[in-house]
Amino acid sequence: MEIRTQNPVRAGIVGLSARGGWAPQSHLPALARLDGYEVLALAASGAASAAAAGTAYGVPRAYAGAGDLVRDPDVDLVVVSVRVPLHREVILAALAAGKAVLSEWPLGNGLAEAEELAAAAAAAGVRTFAGLQARSAPAVRYVRDLVADGFVGEVLSTSVVASGRRWGPTFEPGGGYLLDRDNGGTMLTIPFGHTVDALAMAVGEFTEVSATTATRRPVVREEGSGRTAAMTVADQIAVSGRLTSGAVASVHFRGGLARGTNFHWEINGTDGDLVITGDHGHLQQARLTLRGARGAEGSPRELAVPERYFDVPALDALRGEVPYNVGVQYADVLRDLREGTSTVPDFAHAARRQRLLDAVERAARTGTRVAL
């Protein structure tokens with residue numbers, strides 16, 4: 001399905017709340033600046049919540065549940081911005097209604113759900129998009145192209161050390177659901193998943209993984225109140241493996257923030273090296289600095305990201321801000337819908353990526369190397 005003539009594409013956001021959250025921090029600021037979109041509808045957890053959000057954000061159609069939104073004949077694109085355990089129900093309803101769907105990452109609560117949703121999307125024959133927006137970051141796209149153009153020569157290895165920001169000694173009020181691994185919103189699925197997707201785009205997919213995971217802080221405290229809560233999410237994830245090229249990769253995520261390194265990604269090759277640093281391990285949101293050296297250069301120099309990678313002028317006011325990469329992805333979604341291209345990861349891609357995360361968990365659980 002392509003939306004070739006509809007102008008604008010009319011979006012309905014499931015999970016837009018007047019109380020805040022990710023959707024008003026990212027989706028709304030991005031969509032508001034892009035020609036070609038209209039936020040026509042929202043769905044919240046009840047009639048009162050929906051009415052409050054509609055008033056707060058000026059959205060004309062406010063529904064008490066996702067079912068009413070997906071049945072609205074004027075909604076072209078359903079945006080799923082709810083907690084991971086609720087993705088399946090909303091997405092299946094949207095697919096059954098024949099709607100294009102953009103779901104935040106991770107797609108499903110575990111691999112089985114992700115594969116079910118990818119299969120349902122294929123059967124429905126509608127366009128789907130997965131919110132893996134780290135690959136939309138200008139610096140990440142520049143790294144991909146530098147590697148492809150031979151800046152480092154043949155890639156020998158790549159290594160990442162990163163902090164998860166969350167999953168440290170404290171958690172934010174309202175963030176308790178992220179502490180339970182059964183809810184699907186974990187350090188593995190969120191920052192690790194976004195980062196490893198960008199890594200794979202730049203230097204190639206994993207063909208095998210070995211892994212060690214641990215929960216080193218089984219009890220954490222809520223910020224402000226100080227109340228304690230159990231954490232079952234792994235707050236240490238160390239993965240090593242090989243990529244399709246034969247290069248060796250290692251990725252180590254640590255919960256919370258470190259006093260030293262919070263994001264450091266190196267790509268080492270036969271002819272040069274690239275070094276990407278940032279303020280935390282959520283690559284989809286981080287402020288990044290790129291350095292590199294090749295040939296006879298003895299130490300890496302800063303490589304400014306060329307202006308051509310900031311290719312959505314309407315988003316210039318958001319440079320360096322959280323909504324920017326989300327907006328770039330929305331611009332690509334618009335092009336895919338109108339021109340029939342396939343530049344944004346779809347549900348099939350999301351399921352493949354969740355297969356990688358499942359392989360990491362199996363490798364850690366069994367102590368074996370898992371092939372992909």
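Numbers for residues simply follow the sequence, beginning at 1.
Listed by chain and residue number, Trp22, Val326 satisfy the side chain to side chain contact (heavy atoms under 4.5 Å, CB included) test with Ser26 (two or more places apart in sequence, or in another chain). For Phe206, there are no ring-ring contact (aromatic ring centres under 6.0 Å, His included) partners, not counting sequence neighbours.
In summary, the side chains of Trp265 and Ser159 do not present any donor paired with an acceptor at a separation below 3.5 Å, with no hydrogens or angles considered. Side chains of Asn325 and Ser136: a donor-acceptor N/O pair is absent below 3.5 angstrom, by distance only. With 3.5 Å as the limit, one finds no donor-acceptor pair spanning the side chains of Asn262 and Arg165. Residues His87 and Glu104 have side chains that never bring a donor and an acceptor to within less than 3.5 angstrom of each other. Under 3.5 Å, the side chains of Thr215 and Asp235 contain no donor-acceptor pair of N or O atoms.
Counting heavy atoms of neighbouring residues, nucleotides and ligands inside a 6.0 Å radius, atom CZ of Arg166 does not exceed 12 of them. Within 6.0 Å of the CZ atom in Arg19, the count of heavy atoms belonging to other residues, nucleotides or ligands does not exceed 12. Around the CZ atom of Arg141, the shell of radius 6.0 Å holds more than 12 heavy atoms that belong to other residues, nucleotides or ligands. Counting non-hydrogen atoms of neighbouring residues, nucleotides and ligands closer than 6.0 angstrom, the CZ atom of Arg242 reaches no more than 12 such neighbours. The number of heavy atoms from other shown groups lying within 6.0 Å of CZ (Arg355) is above 12. For CG of Asp35, the number of neighbouring non-hydrogen atoms (other residues, nucleotides, ligands) closer than 6.0 Å is 12 at most.
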Quiz item: Would His27 and Tyr330 satisfy ring pair (Phe, Tyr, Trp, His ring centres under 6.0 Å), going step by step from the backbone distance to the final call?
Solution: CA-CA 9 Å; His27 294 281; Tyr330 268 118; 5.7 Å; yes

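The cationic atom of Arg10 (NZ for Lys, CZ for Arg) does not lie both less than 6.0 Å from the six-membered ring centre of Tyr37 and within 45° of the ring axis. Under the 6.0 Å distance and 45° angle rule, Arg319 does not count as a cation-pi partner of Tyr324. Remark: Arg83 qualifies as a cation-pi partner of Tyr177 under the 6.0 Å distance and 45° angle criteria applied to the six-membered ring.
Using a cutoff of 4.0 Å between basic side-chain nitrogens and carboxylate oxygens, Lys99 and Asp76 are not scored as salt-bridged.
Annotation: side chain of Arg127 is in contact with side chain of Leu337 (closest heavy-atom distance under 4.5 Å). Using a 4.5 Å heavy-atom threshold, the side chains of Thr228 and Val220 count as separate.
In this structure a side-chain-to-backbone donor-acceptor pair under 3.5 Å is missing from Arg144 to Val140. Between the side chain of Arg294 and the backbone N or O of Phe151 there is at least one donor-acceptor pair closer than 3.5 Å.
Under the 30°/60° scheme for interplanar angles, the aromatic rings of His282 and Trp167 are found to lie parallel.
Taken to the nearest 0.5 Å, the OG atom of Ser240 stands 7.5 Å off from the CZ atom of Arg369.
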